[in-house]
Amino acid sequence: MLSRYFLAAFGLALSFTASAAIPAKQPDKAGAPAAAKLTAAQIVDRNVVARGGLAAWRAVHTLVLSGQMEAGGTKNESLPFVLEMKRPHKSRLEIRFEGKTALQVYDGEQGWKVRPFLGRDDAEPFTPEETKLAADWGELDGPLVDYAAKGTTVALEGMEDVEKHPAYRIKLTMKDGAVRHVWIDASTFLERKIEGDQHRLDGKMRNVAIYYRDYKAEHGLMVPHVLETVIEGGRMPHTMTIDRVTVNASLDNALFGKPQLQVAAASTK
């Protein structure tokens, strides 16, 4: 859950400063105890239960998250954001910076971005790569809830330590053949880490990982309130902190359509 949206926010934040970089962390070593005799499907089922249960997540039609995220660079300013999600596959991300509002929206089929801090006040369409990435992660409940119905298969690849916590390494093969990995805590069965989409840094494509921390109960759901991204070969962390969670707010479909210039301008006032 949230990994695609975090990377979208992270990508927008990186555009504020070319000097932003992410810290390198050593790969997690496979030093955890041997995996219990659970199948991948059983582990994922326990994860869904730990996060609030299948029925609870199926009842979530919209989800709104707001808080602060780091911009990186020398000052590493904290930028307010609002992320709105609606089934099926709709999302809208706003990030405020120096009185301006950056937007990234996806209506389930097409996406657009507005980046006024780069002097780009028009709504630019997603590139084919951005559209594919947006479609890959799909629903607001993440890749594990109802994974079989989404055409995803799961496989257990063993156990690894994630920040000194034994975790199951789960391989996800998506409907389109894309492969992702998720690390599920062996005690709480909540996600500890999830593999993100590769990011270009210093002219090379780098591996990305997102760490989930500070889970809190919100409307019967367990939601991480701190997410930190790590790019292989980087230098400093980027953290998103969620301050408020709203479930099933009324969100008009027009919010997720192509932004109009005057709408983007009005939102900065």
Side-chain angles (χ1 to χ4, degrees), residues 1-8 10 25-58 60 63 85 89 132-199 205-216 221-232 240:
M1 161 180 160
L2 302 181
S3 56
R4 168 168 67 87
Y5 307 108
F6 179 73
L7 287 174
F10 170 67
K25 285 190 179 181
Q26 296 300 316
D28 300 312
K29 297 180 180 179
K37 293 183 179 180
L38 294 173
T39 66
Q42 290 171 329
I43 294 165
V44 173
D45 286 346
R46 292 191 182 194
N47 165 263
V48 175
V49 170
R51 288 174 53 198
L54 186 58
W57 278 104
R58 283 177 173 171
V60 177
L63 188 64
M85 295 170 278
H89 314 299
K132 184 179 184 303
L133 294 179
D136 274 352
W137 284 104
E139 289 287 6
L140 55 81
D141 48 29
L144 298 181
V145 174
D146 271 334
Y147 70 90
K150 296 170 182 175
T152 299
T153 60
V154 297
L156 175 61
E157 293 189 334
M159 297 189 73
E160 294 180 358
D161 280 350
V162 177
E163 300 183 315
K164 299 182 180 180
H165 295 271
Y168 298 101
R169 176 185 166 106
I170 302 294
K171 175 184 176 181
L172 309 180
T173 303
M174 318 301 250
K175 186 176 181 178
D176 65 355
V179 172
R180 310 280 183 175
H181 289 90
V182 179
W183 288 258
I184 296 176
D185 189 286
S187 297
T188 66
F189 287 92
L190 296 170
E191 292 100 319
R192 279 278 175 189
K193 183 175 97 171
I194 192 162
E195 183 178 48
D197 301 304
Q198 287 190 327
H199 182 82
M205 297 304 294
R206 308 284 186 169
N207 292 330
V208 176
I210 302 167
Y211 291 80
Y212 287 11
R213 306 188 182 110
D214 192 21
Y215 279 88
K216 296 179 182 178
L221 310 173
M222 290 300 290
V223 179
H225 281 60
V226 175
L227 295 89
E228 182 180 85
T229 195
V230 173
I231 293 185
E232 182 182 20
M240 171 184 279

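Hydrogens, waters and symmetry mates are skipped; everything else that's a heavy atom, side chains included, is used. Note that the coordinates shown come from a computational prediction; the quantities given were computed from them, not determined experimentally.
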Engineer: Kindly compute the distance separating CD (E157) from CZ (R169), expressed to the nearest 0.5 Å.
Structural biologist: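 Rounded to the nearest 0.5 Å, the CD-CZ separation comes to 5.0 Å.
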
Engineer: Any sub-3.5 Å donor-acceptor pair from K193's side-chain atoms to H181's backbone N or O?
Structural biologist: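 No, the answer is negative, given that no donor and acceptor are paired below the 3.5 Å cut-off.
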
Engineer: Distance-only, no hydrogens or angles: does the K150 side chain make a donor-acceptor pair with backbone N or O of V145 under 3.5 Å?
Structural biologist: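 At least one qualifying donor-acceptor pair exists.
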
Engineer: Could you tell me which non-hydrogen atom of Y215 sits nearest to which non-hydrogen atom of M222, and how far apart they are?
Structural biologist: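 Heavy atoms of Y215 and M222 come nearest at CB-CE, 3.8 Å.
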
Engineer: Looking at V48 and L144, what are the two nearest heavy atoms and their distance?
Structural biologist: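 Scanning both residues, the minimum pair turns out to be CG2-O, 4.2 Å.
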
Engineer: Taking D141's backbone N and O only, do any of them form a donor-acceptor pair with R51's side chain (distance below 3.5 Å, no angle check)?
Structural biologist: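 Yes; judged by distance alone, with no hydrogens or angles, the pair exists.
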
Engineer: Indicate the atoms forming the closest heavy-atom contact of M159 with P166, along with that distance.
Structural biologist: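 Residues M159 and P166, closest heavy atoms: CE-CB, 4.0 Å.
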
Engineer: Using the rule given for side chain to side chain contact (heavy atoms under 4.5 Å, CB included), can you reason through V182 versus N47, listing the C-alpha separation, both sets of side-chain angles and the distance that settles it, and then say yes or no?
Structural biologist: CA-CA 11 Å; V182 179; N47 165 263; over 6 Å; no

Engineer: Work out which heavy atom in A167 is nearest to a heavy atom in W183; give both atom names and the distance.
Structural biologist: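 The pair with the smallest heavy-atom distance is CB-CB, 4.1 Å.
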
Engineer: Could you walk me through whether H89 and E139 pass side chain to side chain contact (heavy atoms under 4.5 Å, CB included), step by step?
Structural biologist: CA-CA 5 Å; H89 314 299; E139 289 287 6; 3.9 Å; yes

Engineer: Report yes if the side chains of V162 and Y211 come closer than 4.5 Å at any heavy-atom pair, otherwise no.
Structural biologist: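 Side-chain contact under 4.5 Å: yes.
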
Engineer: Write down the atom of L156, the atom of A40, and the distance for their closest heavy-atom approach.
Structural biologist: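 Heavy-atom minimum between the residues: N-CB, 3.5 Å.
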
Engineer: Any heavy-atom pair between the side chains of H165 and S187 that's under 4.5 Å?
Structural biologist: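 Side chain of S187 against side chain of H165, heavy atoms only: no contact under 4.5 Å found.
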
Engineer: Of all residues at least two apart in sequence or in a different chain, which pass the side-chain contact (heavy atoms from CB on, under 4.5 Å) check with T188?
Structural biologist: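 Partners of T188 by the side-chain contact (heavy atoms from CB on, under 4.5 Å) criterion, ordered by chain and then number, come out as D185, L190.
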
Engineer: Would you say the side chain of V49 lies within less than 4.5 Å of the side chain of F189, judging by non-hydrogen atoms?
Structural biologist: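 Counting from C-beta outward, F189 and V49 never come under 4.5 Å.
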
Engineer: Run the side chain to side chain contact (heavy atoms under 4.5 Å, CB included) check on I184 and R46 step by step: do they pass?
Structural biologist: CA-CA 10 Å; I184 296 176; R46 292 191 182 194; over 6 Å; no

Engineer: Can you check whether D214 reaches P224 side chain to side chain, under 4.5 Å on heavy atoms?
Structural biologist: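 No, their side chains stay 4.5 Å or more apart.
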
Engineer: For R180, which of I194, I170, L172 qualifies under side chain to side chain contact (heavy atoms under 4.5 Å, CB included)?
Structural biologist: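 Between R180 and the candidates, side chain to side chain contact (heavy atoms under 4.5 Å, CB included) is satisfied uniquely by L172.
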
Engineer: Minimum heavy-atom separation for Y147 to A41, with atom names?
Structural biologist: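 Y147 and A41 have their closest heavy atoms at OH-CB, 3.5 Å.
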
Engineer: CE of M240 to CG of L227: how many Å apart, nearest 0.5 Å?
Structural biologist: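 Going from the CE atom of M240 to the CG atom of L227 covers 7.0 Å.
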
Engineer: If I take atom NE2 from residue H225 and atom CZ from residue R213, how far apart are they, to the nearest 0.5 angstrom?
Structural biologist: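 H225 NE2 to R213 CZ: 15.0 Å, rounded to 0.5 Å.
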
